[in-house]
Structure formats: structure tokens, C-alpha cells
Protein chains: 2
Amino acid sequence: MPATSTNSGTSQKILDVAERLMQVRGYNGFSYADIADALRVTKASLHYHFPSKSDLGRRLMERYTENFAAALTEIDASGADPRQKLERYIALYASVLADNRMCLCGMLAAEYATLPKPIRSEVLRFFDANETWLAQVLEQGRQAKGFRFAGPAVEAARALVAGLEGAMMMSRSYGDADRFDRTGQRLLAELT
Amino acid sequence: MPATSTNSGTSQKILDVAERLMQVRGYNGFSYADIADALRVTKASLHYHFPSKSDLGRRLMERYTENFAAALTEIDASGADPRQKLERYIALYASVLADNRMCLCGMLAAEYATLPKPIRSEVLRFFDANETWLAQVLEQGRQAKGFRFAGPAVEAARALVAGLEGAMMMSRSYGDADRFDRTGQRLLAELT
DNA sequence: GTCTATAGGTGGATAGAC
DNA sequence: GTCTATCCACCTATAGAC
């Protein structure tokens, strides 16, 4: 663990702060100055670790997708049944919302037209990974006679992600996390 | 129609351009300079009609909600049955998306944490109006035995709006309007 | 109503000392 | 790796002439 590595603790701390700012305020809603204030360093110091804001955003997205994928792998490894898996998936969203954050990719999807290209493709990769994982869980559940839904599992997966992302945005605006929970429960109930 | 009225043609043109910019790029993603370029006037001229960006955003939201409410009233007046009403409601979203825009309020809901207070309350008013109208249509449909859904109609309405807003965001990111249409059809099918 | 000119601030980003 | 100092483009907004 060389001290000069860009993956040092400082870079991670920068990413932590930037992640929160981006989930709460959006890519166009925060600046290097915000991060610098929070960490009590100068803006120039941040540019050493992440030369441009575009770099920072892309690296952030990569880490986010990685962490999310790891969480999904852990759910798979837990031996839960499809219904429990979905419950835990929805709980992931709820935990983000509890911190007054949006899903990073939901936020960036809204700002999509203004994003640097490298960030855009990372956003789509995140959604793709979610759909793939969800479609698999849904198909398992359907074959085990636990879930009932029409059409290809991937279509049901897309509707589910859309519902969760939308519910998240609206619940946060109302400052009422309960809204999200009720919609999440409803989406789950519709599958059974 | 006094020529000095702030409701003159110029103000409307400014709102038209600003509306598109805000739906495509978000409140934090456009500036007075963008509007000035599009209309070939100076920024100072814009400030005459809308003193601050906050004013502009609020007035924009008010007009948007008004227009949307008028569209819903027109649907009501058409004598369509509940299912047709919902189809037309979903078609409203689709027409916005076809222009590569987000729902203005979906966009602002994502940026909510950074919005001036007067704009925030307008966003919630928009969602409230949608929920109220939808809940009424859903309840009509349920009593006519055309729709089947569990729980209070307003909860089903919220899930519907969330699904449509989320689908809109994701479809636009993928540049694939068809995604939205399929999710819209699915949401409708789940009610019957 | 629209213009020129400008104020006062913040944005992302770089050079070079330490 | 972090700092000071600085650049320049852009931001919202205003004053005052026409």
C-alpha cells in the first residue's frame, strides 16, 4: 500500500464526500469548493487526486456500481428465496433514501443531457446490471411459482427499477420516506 | 392586451425556451445566456421580464402545472372511460419524452435539494394535483369493475406516477422512447 | 422594452513553492 | 500531497442610456 497511491485514504475520503454531494445535489449542483470545505483542504489538493470533475464523476460511478454489484452478490450468497431477495433489494434503496440521498444513477439519469460522455456510459452500465440481476431473481421466482407477472422478466425488471427510482425522487421531495416504503411494498405485492 | 404587460408575447417566448432548457438540462444546467442566445436578445433584457432565475423558475412551474391541469380537464370532458383516460394520461408523458424532455417536475424533484423554496412548493403542488386526478380516475375504474387494485386509490396513483416518472428518466437516458411505452403499457395492464 | 457596460461572485483548472 | 496564488470563463444581477 504505497503512500503515493491514488487509491490512498484521501482519495476515498474525497469520493465519500463527493458521492454524498452528488446524490443530494446532483452533478451540476456541487463544486470542488464544497468538497474542499468539508474536508478542510484546498481545491488544488483535490485536483491532484482527480484532475477534472469529469474524472471524479466517472470514478465515483465506477465505485458506486462496484459496491452495488457487491451488495447484490451478497444477497445471492445469502441463500434467500426470490421474495426475500427482492425485499433486500428494495431495502438497499430505502437505506440510501434514509440518508436523504437519491440513488446516484437516478440523479444522473435526470441530468443525463449535461453529463460528460464517460459518466453517461457508466450510468447505463449501472442500470443494465440492475436489470440483469433483477430479471434473474424474477424468473427464479416465477418458476418456483412464487411470482406471477406477464411477459419477459427483463420487462418486469425495468418497470420495477423505474418504480423504485421514481418513488425515491418523490418521497425525498416530500421529505416522507414512508411514501417510498409503501410504494416498495406495493410493487412487491403486485408480483405475488 | 397592453403592450407593456409582463404577459406579453416576449415573456411567453422566454418561458417557452426556458421550459425546454429546464426539462432537458435541469434548473442547474442552463443559464440566462442560453435563453438569450436562443432568442437573440441580451441577458439584461431577460431580467426585465424575470428579475431573478428563481422568479423565472417559479413562473415556469406555475404555467406548467396550469397547462397540465387544463389537459386533465380536457380528458375529463371528453367522456372517455377510465381506461381511456389513463391511456391519454400516459400519452401526455410520452409526448413530452418524444421531444427528448423530462417531465419538468420529475427533473426538479431530482434537483429538489438545490431549488429555491418557492419552486419547491410548486413542484409538490404539481404532484398533488396529479395524484388527486389519478386517484379519482382509478376509483371510478374500480367501481365500474374495469380496474382491480389493492388499497386506497391514492396509493395506487402514487405508484403509477412514480413508475411513469422513473420510466421517463431511464428511457431518455437510453435514447429509447420504446422503453417508456412498454413500461406504460405494463402499468396499465397491471390495473386490469 | 431592449441595449451596453459592468459589478461581484463562483466555476473548474493550472503553476510552482514547500 | 498539500499549499498559495492566479487565470479565465461563466454566472446572476444591476445601472443607466436609448
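Proteins get letters first, then strands, A, B, ... in listed order; numbering begins at 1 in each. Both backbone and side-chain heavy atoms feed into the values below; hydrogens, waters and symmetry mates do not. All figures in this text were calculated on a predicted structure; none of them were measured in a lab.
For the side chain to side chain donor-acceptor pair (under 3.5 Å) test, no residue two or more places apart in sequence or in another chain qualifies with A:Tyr64. Partners of A:Gln84 under the side chain to side chain donor-acceptor pair (under 3.5 Å) rule, at least two apart in sequence or in another chain, do not exist in this structure. Qualifying side chain to side chain donor-acceptor pair (under 3.5 Å) partners for A:Asp128, counting only residues two or more places apart in sequence or in other chains: B:Tyr174. Listed by chain and number, the residues in a side chain to side chain donor-acceptor pair (under 3.5 Å) with A:Glu66 amount to none (sequence neighbours excluded).
Rounded to a whole Å, the CG atom of A:Asp37 is 12 Å from the P atom of C:dG12. Atom CD1 of A:Ile14 and atom P of D:dG1 are 10 Å apart (whole Å). Atom pair B:Ile35:CD1 and C:dT2:C1' shows a separation of 16 Å (rounding to whole Å applied).
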For residues 180-192 of chain A, tabulate all N or O donor-acceptor pairs below 3.5 Å that involve a side-chain atom, not counting sequence neighbours.
{"unit_1": "A:Arg182", "atom_1": "NE", "unit_2": "B:Glu155", "atom_2": "OE1", "d": "3.2"}
{"unit_1": "A:Arg182", "atom_1": "NE", "unit_2": "B:Glu155", "atom_2": "OE2", "d": "2.8"}
{"unit_1": "A:Arg182", "atom_1": "NH1", "unit_2": "A:Asp178", "atom_2": "OD2", "d": "2.5"}
{"unit_1": "A:Thr183", "atom_1": "OG1", "unit_2": "A:Arg179", "atom_2": "O", "d": "3.1"}
{"unit_1": "A:Arg186", "atom_1": "NH1", "unit_2": "B:Ala150", "atom_2": "O", "d": "3.4"}
{"unit_1": "A:Arg186", "atom_1": "NH2", "unit_2": "B:Ala150", "atom_2": "O", "d": "2.6"}
{"unit_1": "A:Thr192", "atom_1": "OG1", "unit_2": "A:Ala189", "atom_2": "O", "d": "3.1"}

- [ ] At under 4.0 Å between heavy atoms, which parts of nucleotides 4-18 of chain D does protein reach? Answer with one letter per nucleotide, 5' to 3': B base, S sugar-phosphate only, - none.
- [x] B------SBBBB---

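A sub-4.0 Å separation between OP1 or OP2 of D:dG1 and a side-chain N or O of A:Ser11 is absent. Put simply, A:Tyr48 has no side-chain N or O that comes within less than 4.0 Å of OP1 or OP2 on D:dT2.
Seen from the ring of B:Phe50, B:Arg59 does not count as a face-on cation partner, given the 6.0 Å and 45° thresholds.
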